[in-house]
Amino acid sequence: MTIESLVGLVPVAPLLAALMIAAIRLFDRSLSDAAERPTAAVATAGVAVSLLLLLILDAATLLQQLPDRVRLGIWLASGRFEVALSFALDTLSLSLGSLIALLCFLSLRFSVNNMHREAGFHRFFFALSLFAAGMLLIVLAGNAALSFIGWELAGVSSYMLIGYSQERAVATENAVRAFVTNRIGDAGFLVGIAASFQWIGALEWHRIGSGAAGLDTLSAGLIALGFVTAAAAKSAQVPFAPWVARALEGPTPSSAVFYGSLMIHAGVYLLIRLAPLLGHSGTAMALIVLLGVATALYGWLAGLVQTDVKSALSFATTAQVGLMFVECGLGWFDLAAWHLGLHASWRAYQFLAAPSYLQLVDGPARPVPHWLGKRRWLYTAALQRGWLEPAGDWLLLRPTRGLGRDMNAFDNQVVDRFIGIAEPARSLGTAAPVQAESGAVSRGYGSAGQLLEIVAAQLARFEAHLLLQGAGGTLRSTLAHTGDYLRAVEALLERPRYLLLLIMATFAVIL
């Protein structure tokens, strides 16, 4: 095994840690203090291994000048479509990968005491390990498809930790807000992948950048637009900005790494990685500047009226990430990379120290600036956060809730009837008895109608006397038990954690 091939193990280590935590909790359901130790040890060890491997790669790069890319094999091949297990070893990937591993390690160590005796202690460390694997895969992947897997892992773990307090309706609603908003960005990422393969014929980052030179302006702009949409949603740019403030429902350590230092910068990293592509689309660069300016103003203005430390830090982060977008849109990608690293480090410290700030502050909140208080319309806009939240709820959450209601109606009107649960009996959880009255099965007219009436009567008689055998028939009992089991499964699947398991299972099948 060569030194550069170690990069493949970097995202695998925290992923294995997450799987080990799940296995430990599967066979040991103890909730004692002693049960926390193996979970915390496995999680911190997984990220520590990733950090150690990255430091080895950093040293090897300085001493031996390792190649910028390494290809470990083929992950997926179908016809001319091919996705390689390729990883980037350039300065951008290794430096950000090392920073991510370090901040995740520090946050996990901080969480051991911070999350002590919390009801979801093990679930928290599982999700944070999954997040570390996703973020490391985003920055180290050598192609768009592999990065997208990390993109989704980070998104799923984000959903888990925003809705960490599952018993609170506000937490679960905010988790859904973040989840639905980020799906728009995911759609943009997939458009970028599909367009890159169609017009460039490759998904490797370096080939996307070099291949854009041979494309017309429209094709390069469409590819760039897909990836810019993904970056804007993940980094909470206007109009996607409101979900970050809502995401603070999660525990403090997860807020530090998700929305203070790491995941919020994933979109900026994507723009820096695609700098050669974006350079061929002036429209995309102008759009990035516009989004960044709007987001910086939004974060600055809304931050002036916040009265709690975490919300103030959240909007300060939004404003800073908006400035990074402006830097990328102006072509200052190196400046944006330095800005990203410094801001991530400083903001992680501030978020982790936020509980201590709350203990130290003994005075009233900072008053609203005088110039803002005099302008009532601007002050109201700051308090209402530009009315982006109700607009997002109307555009995104209402259709999602409507889809949920439609699916529930489909369950009641179709699925329940298909498995034999009559309408009056659903609330009681038992199947209603079937009464087959002679001559009352159907009423037909004409030859075809009379034939159908005879067939229906015979089928009803067969069902009542030969299959169901009255009130205590074996088949009826079997159907009733099956219906009870299906309702129990349905109730479980409606819970957020089981929905998440289905998503993860689907993701595993795709892999």
Side-chain angles (χ1 to χ4, degrees), residues 9-25 31-58 95-139 153-154 157-158 160-162 164 247-248 250-265 309-310 313 317 341-360:
L9 300 177
V10 173
V12 171
L15 182 60
L16 288 178
L19 295 177
M20 288 180 64
I21 292 171
I24 290 172
R25 298 312 305 155
L31 298 179
S32 64
D33 292 352
E36 295 180 355
R37 296 173 187 170
T39 295
V42 168
T44 52
V47 177
V49 169
S50 296
L51 178 59
L52 178 61
L53 292 174
L54 283 166
L55 292 177
I56 293 173
L57 291 170
D58 292 339
S95 57
L96 288 184
S98 301
L99 179 63
I100 288 169
L102 176 61
L103 293 180
C104 286
F105 176 77
L106 294 176
S107 297
L108 283 168
R109 289 296 304 152
F110 178 88
S111 303
V112 174
N113 292 331
N114 184 263
M115 301 299 295
H116 178 51
R117 291 183 177 175
E118 289 283 346
F121 182 93
H122 308 280
R123 176 162 43 91
F124 174 87
F125 279 84
F126 169 82
L128 209 54
S129 297
L130 199 66
F131 168 76
M135 283 302 303
L136 289 170
L137 191 56
I138 288 174
V139 299
L153 283 176
S157 53
S158 170
M160 291 177 64
L161 289 173
I162 297 172
Y164 174 81
L248 296 178
T252 293
S254 65
S255 298
V257 294
F258 278 93
Y259 320 114
S261 60
L262 297 183
M263 198 179 82
I264 192 70
H265 295 102
V309 62
K310 285 184 70 175
L313 290 175
T317 298
L342 293 172
H343 179 259
S345 304
W346 174 243
R347 200 65 78 189
Y349 165 76
Q350 287 186 310
F351 266 93
L352 291 177
S356 299
Y357 293 158
L358 295 176
Q359 296 296 324
L360 295 174

Could you tell me whether the side chain of Thr317 and the main chain of Leu313 form a donor-acceptor pair under 3.5 Å? yes
Indicate the atoms forming the closest heavy-atom contact of Pro253 with Leu352, along with that distance. CA-CD2, 4.0 Å
Indicate the atoms forming the closest heavy-atom contact of Ala35 with His122, along with that distance. O-CE1, 3.1 Å
Pairwise side-chain contact, Met263 with Ile138, heavy-atom cut-off 4.5 Å (strictly under): no
Leu130 and Leu15 have their tightest heavy-atom pair at CD1-CD1, 3.7 Å
For Tyr164, check ring-ring contact (aromatic ring centres under 6.0 Å, His included) against everything at least two apart and list the hits. none
Quick one: CZ on Phe124 to CD on Glu36, what's the gap to the nearest 0.5 Å? 12.0 Å
Can you tell me how far the CG atom of Leu153 sits from the CE atom of Met135, to the nearest 0.5 Å? 11.5 Å
By side chain to side chain contact (heavy atoms under 4.5 Å, CB included), Val42 pairs with (sequence neighbours left out) Ala17, Met20, Ile21, Ile24
Hey, does Leu16 have a side-chain heavy atom less than 4.5 Å from the side chain of Val49? no
Can you name the residues that form a ring-ring contact (aromatic ring centres under 6.0 Å, His included) with Phe351, not counting sequence neighbours? none
Could you tell me which non-hydrogen atom of Val47 sits nearest to which non-hydrogen atom of Pro14, and how far apart they are? CG2-CB, 4.3 Å
Considering all heavy atoms, the nearest His265-His343 contact: NE2-ND1, 2.9 Å
Roughly how far apart are Thr44 OG1 and Phe125 CZ, rounded to 0.5 Å? 7.5 Å
Run the side chain to side chain contact (heavy atoms under 4.5 Å, CB included) test against Leu9 and tell me which residues pass, sequence neighbours left out. Leu6, Leu53
If you take all heavy atoms of Ile264 and Ser261, which pair is closest and at what distance? CG2-N, 4.3 Å
So, using ring-ring contact (aromatic ring centres under 6.0 Å, His included) as the criterion, who are the partners of Phe258 when residues are at least two apart? Phe131
Side-chain atoms of residues 98-115: list all donor-acceptor pairs with protein atoms under 3.5 Å, sequence neighbours left out, distances to 0.1 Å.
from, atom 1, to, atom 2, distance (Å)
Ser98, OG, Asp58, OD2, 2.7
Ser98, OG, Leu94, O, 2.8
Ser107, OG, Leu103, O, 2.9
Ser111, OG, Ser107, O, 2.6

